[in-house]
Structure formats: C-alpha cells, structure tokens
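Notes for the one structure printed next.
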Amino acid sequence: MQMTRAIALIDVNNFYVSCERVFNPRLEGKPVVVLSNNDGCAVARSNEAKALGVKMGQPWFQLKDWAQRRGIAAYSSNYALYADMSNRVMNILAAFSPRQEVYSIDECFLDLTGFKAQDLTLHGQRIRRRVRQWTGLPVCIGIGPTKTLAKLANHIAKQYPESGGVCNLNDASPQQRYEWFSRIAAGEVWGIGRRLVPQLRGIGIKTVLDLQRACPVAMRARFSVVMEKVIRELNGVACIELEEIAPPRKQIVSSRSFGVPVSDLASLEEAVSLYTRRAAEKLRRQQLFAGSVYVAIRTSPFNTREQYYANGMIIPLPAPSADTIRLTKAALWGLRRIYRSGYRYQKARVMLTGLVGMNDRQCDLFGLAEGNKSGKLMEVMDRINAWMGNGTLKLASEGFRQPWKMKQANRSPSYTTNWDELICVAD
DNA sequence: ATCACGGTTTGCA
DNA sequence: CTAACGTGCAAACCGTGAT
C-alpha cells in the first residue's frame with residue numbers, strides 16, 4: 001500500500017526581525033520593522049508591528065513619523081547577516097531529512113515521508129526546539145501530503161498559537177480540516193496572489209474550501225495551468241515536486257534604486273559597473289556564462305511632476321562570457337546608447353540572459369570560446385574578494401565616492417560575518 | 001490559420 | 001528644508017514573420 005507523503009514546510013517567523021532580535025534581545029516583545037533596500041518599504045514586521053497596523057510593503061516615508069511616535073524600531077536590511085543566519089538554519093534542518101529543498105532565504109521543504117502521522121507532530125516539535133536552541137530563531141512547521149498543503153499548514157501553525165508552532169494536516173481530523181479550510185481566505189494559498197483574489201471572489205470562491213472544491217479542468221480553462229495545479233495540490237494530489245537541486249537560472253538580475261536622484265552619465269556608469277560585477281559574481285558562482293547583457297535605467301514612476309523616462313537594451317555578446325571586464329564593457333556601451341541627459345534617474349538594472357553551462361557554450365564566428373586566461377583572472381579576483389572582503393578588487397569604473405549609493409540609515413552590524421563590525425559593538 | 005520566436009508585461013513571493 | 005515607494009524570477013502574453 002502506498003504511503004501518504006509527508007512534506008514539511010519550515011519557515012522562520014518574521015525572519016529579518018527575528019535575526020535582529022537574536023543580537024538585540026531588547027527588541028523582544030517590541031514593535032520592530034525591517035526596511036527593504038534603500039529604506040524604501042517595510043518588508044518584515046514583528047507581530048507587535050503587525051498589530052499596530054503596519055502593512056507589508058508599506059512605503060517607509062509614509063510611515064516614518066507615525067512609527068517613531070509609536071516607538072516602532074526600524075532597521076535597514078542587513079543581507080549579510082540574514083544570509084548567514086539562513087545558512088545556519090538550513091544546515092541544521094538538513095540533518096532531519098535526506099531530501100531538502102531550500103525554497104527561500106527563510107523557508108525550506110523537508111520530505112518526512114515514512115514517519116507515522118501521529119509521530120510527526122512530535123518530531124516537528126523536536127525540529128523547532130533544535131533550531132531555536134542552536135540559532136535563537138523561532139520557526140513554525142506545517143506538514144501535509146503536498147507542498148501547497150504544507151504551506152497552508154504552516155500558515156495555520158502561525159495563526160493558531162494553540163498549535164504550538166506545528167500543524168500536521170496528515171494527522172488532523174476531517175472535521176478539523178473542514179473548519180480551518182472554511183475559515184481561511186483563498187488568498188492565503190500559495191500561488192494565489194492579490195490579482196487572483198478579486199477574480200476568484202467574482203465567481204464565488206472566497207475560502208480555501210471553496211477553492212479546494214472547484215473543478216480543476218474548468219479552472220484551468222478560465223485561469224491557467226498554475227490554478228489547476230493549486231486545486232489538485234489542495235486535494236492531496238502532488239503536482240509540484242520537491243526540487244532538491246535548484247535548476248540552473250535562466251537570468252541573473254542586479255537592480256537597485258539610488259539613494260539620491262542621478263542625472264549625470266558618469267554616476268550611472270559607476271552604478272552599472274557595480275551592478276554588472278555583482279551579477280557576474282553570481283554568474284560564476286553558478287558556473288554559468290551569459291550570452292547577452294541587458295542594461296536599463298529609469299526615472300521615478302511615482303514622481304508625477306517630472307517627465308518619466310525609461311529605456312533599456314539588450315547587448316548580445318560575440319561568445320558567452322563570465323568575464324566581469326567584458327560584461328561591464330558591454331553594459332556601459334549599452335548605457336551610453338540609452339542615456340538621455342536632463343532626467344533625474346532613480347534606478348538602474350543589469351540583467352544577464354542567455355545563460356549556458358561551461359560545456360554548452362557556442363563559439364563565436366571565428367570558432368573562439370572565451371579564453372582560459374580570462375577564467376583564471378576571474379578566479380583570482382573572486383578568491384581575493386572572498387578572502388579580503390567583497391569589493392576589495394574591482395574595476396575602477398565603479399568609482400570610489402559613489403554618492404548615488406542606496407540609503408541604509410539604520411543597518412545593524414554584520415555580527416556573524418565581519419570581525420570589524422563585531423569589535424565595534426564590543427567597544 | 002497556425003506556429004515558432006522573441007521581447008514585454010504580469011504576477012508572485 | 002523637501003522629497004521620499006524593493007528585488008528576483010519565471011510564466012503568460014502578444015506581435016511578428018514564416019509557412
């Protein structure tokens with residue numbers, strides 16, 4: 001007889017906020033938010049901040065004065081810290097199953113098939129305790145026969161404190177599931193975003209239960225194949241497999257807003273150079289080569305008093321490359337073509353596309369692939385930067401003062417990845 | 001009329 | 001003093017030219 005699959009979704013509660021709290025316990029029990037890049041929007045909120053009404057993605061400038069009056073602590077995002085804490089959590093969780101999919105910076109799926117359903121809830125508690133003890137981070141765990149149901153179970157574990165942080169749908173009674181599914185809004189389901197919610201409501205689908213009972217074939221015709229999979233998964237039929245090895249990326253993006261509006265070409269060149277280097281580093285880490293470079297700039301879409309300008313272009317390369325120097329030359333060439341003076345630019349973006357693996361590369365017209373010399377040079381660059389800190393070795397076109405750099409008014413120290421910042425705290 | 005292609009837009013997290 | 005709103009990725013969509 002076929003055993004019911006047991007997929008667990010483990011998710012750190014309010015991840016960025018919880019990371020800040022590990023190193024600053026005074027934040028415990030207080031309203032805290034963490035802001036997106038450039039201190040733009042609130043992207044992580046403690047439960048206390050949620051209770052005060054801070055919305056996900058709310059622009060910080062609208063919130064700032066009010067938030068400070070209410071005593072809400074606000075942090076700029078510190079990705080070095082969060083990435084390191086994430087690695088620690090993922091390593092701990094990996095010990096609980098041979099099959100793990102790291103789904104995002106704060107979430108992973110584990111295949112726990114084989115445990116008795118009743119034992120799994122206890123097992124979940126053990127997992128929670130270990131992560132808490134070894135990292136200081138609180139996690140919730142959802143368990144179900146499909147990834148979509150595991151996600152939903154995780155939501156239930158978060159919503160209902162009486163669950164003790166673990167919700168195991170495989171061991172819940174049909175009545176209990178009915179009660180939950182009829183109470184939870186359809187929009188909470190993985191893959192049902194804010195655009196679909198009103199459309200679903202229009203055809204009478206408001207709750208998870210409504211969606212579960214919808215006809216997958218008809219819904220596929222009306223919406224998309226994604227919708228069909230969501231419905232089948234809600235009914236315990238696995239349509240989305242565990243991806244233990246991440247499939248190779250099809251594009252790599254580096255895109256950032258500026259701290260202040262930028263009008264001159266020279267500053268844009270610096271920013272594009274930096275973004276290209278970051279994208280190229282990601283490219284080499286994944287052992288890939290890019291067939292073309294896309295570069296784009298735009299003014300603020302929110303500023304209605306000024307003329308909006310956005311433009312971008314694709315620069316095909318003669319042969320796939322992973323060389324920061326070549327990629328930067330291409331990006332800057334494109335930038336000079338799309339640049340128009342007289343605008344106040346707010347964002348630049350570099351995207352590497354046409355990605356191929358080392359052995360799938362096509363040569364250029366003259367039968368030349370990118371030489372080994374460039375590979376060696378990049379290897380040396382990457383090693384020096386890994387050893388002495390990212391950005392130690394870079395192209396001069398990135399500039400040095402970089403007055404356009406993004407705002408980070410209140411970033412915490414990189415406690416776990418930078419000795420200098422740690423010593424600074426001890427003082 | 002249909003298809004493959006590529007570039008652009010939409011949607012999600 | 002004023003102005004200030006993220007990023008990464010892939011699926012869906014759409015227009016085009018070829019057949």
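By convention in this document, chain letters (A, B, ...) are assigned in the order of the sequence lines, proteins followed by strands, and residues within each chain are numbered from 1.
First and last contacting nucleotides of DNA chain B toward chain A (any atom under 4.0 angstrom from a heavy atom, 5' to 3' order): B:dG7 to B:dA13.
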- Item | Per-nucleotide protein contact string for nucleotides 3-9 of chain C, where B marks a base within reach and S marks sugar-phosphate only (heavy atoms under 4.0 Å, - for neither) | -BBSSSB
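A salt bridge links A:Arg344 with A:Glu306: the distance from a Lys NZ or Arg NE/NH1/NH2 to an Asp or Glu carboxylate oxygen falls below 4.0 Å. Between A:Arg277 and A:Glu398 there is a salt bridge, with a side-chain nitrogen of the basic residue lying less than 4.0 Å from a carboxylate oxygen of the acidic one.
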When the side chains of residues 68-76 of chain A are checked against the rest of the protein, which donor-acceptor pairs come out under 3.5 Å, sequence neighbours left out?
residue : atom : partner  : partner atom : Å
A:Tyr75 : OH   : A:Asn24  : ND2          : 3.3
A:Ser76 : OG   : A:Asp39  : OD1          : 2.8
A:Ser76 : OG   : A:Asp39  : OD2          : 3.4
A:Ser76 : OG   : A:Ala409 : N            : 3.2
A:Ser76 : OG   : A:Asn410 : N            : 2.9

Contacts table for residues 49-63 of chain A: side-chain donor-acceptor under 3.5 angstrom, sequence neighbours left out:
residue : atom : partner : partner atom : Å
A:Lys50 : NZ   : A:Asn14 : OD1          : 2.9
A:Gln58 : OE1  : A:Lys55 : N            : 2.8

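Between A:Tyr415 and A:Phe23, the ring planes are parallel. Angles under 30° get that label, and only those over 60° would be called perpendicular.
In this structure, A:Tyr79 has its ring center under 6.0 Å from that of A:Tyr16.
For the salt bridge (charged side-chain N to carboxylate O under 4.0 Å, His left out) test, no residue two or more places apart in sequence or in another chain qualifies with A:Glu243. For A:Asp382, the salt bridge (charged side-chain N to carboxylate O under 4.0 Å, His left out) criterion is met by A:Arg284, not counting sequence neighbours. When the side-chain contact (heavy atoms from CB on, under 4.5 Å) test is applied to A:Arg285, the partners found at least two apart in sequence or on another chain are A:Glu281, A:Lys282. Residues satisfying the side-chain hydrogen bond (donor to acceptor under 3.5 Å, both in side chains) criterion with A:Arg132, sequence neighbours excluded, are absent altogether. A:Asp111 is linked by a side-chain contact (heavy atoms from CB on, under 4.5 Å) to A:Ile7, A:Ser97, A:Arg99, A:Thr113, A:Leu242, counting only residues two or more places apart in sequence or in another chain. Applying the side-chain hydrogen bond (donor to acceptor under 3.5 Å, both in side chains) rule to A:Arg45 yields no partners; only residues at least two apart in sequence or on another chain are considered.
Taking a 4.0 Å limit (strictly below) on heavy-atom distances, residues 213-221 of chain A does not reach DNA chain B anywhere.
If you take atom C1' in B:dC12 and the same atom in C:dG6, they sit 14 Å apart, rounded to whole Å.
For DNA chain C, if you chain together Watson-Crick or G-U pairs that step i with j, i+1 with j-1 and so on, the runs of at least three with distances under 3.5 Å are B:1-13 with C:7-19.
Remark: P of C:dA10 and CD of A:Glu243 are 10 Å apart, rounded to the nearest angstrom.
Cation-pi geometry between A:Arg177 and A:Trp180 is not met: the NZ or CZ atom fails to fall both under 6.0 Å from the ring centre and inside 45° of the normal.
Residue contacts shown for A:Leu196 are limited to sugar-phosphate atoms, with no base heavy atom under 4.0 Å away.
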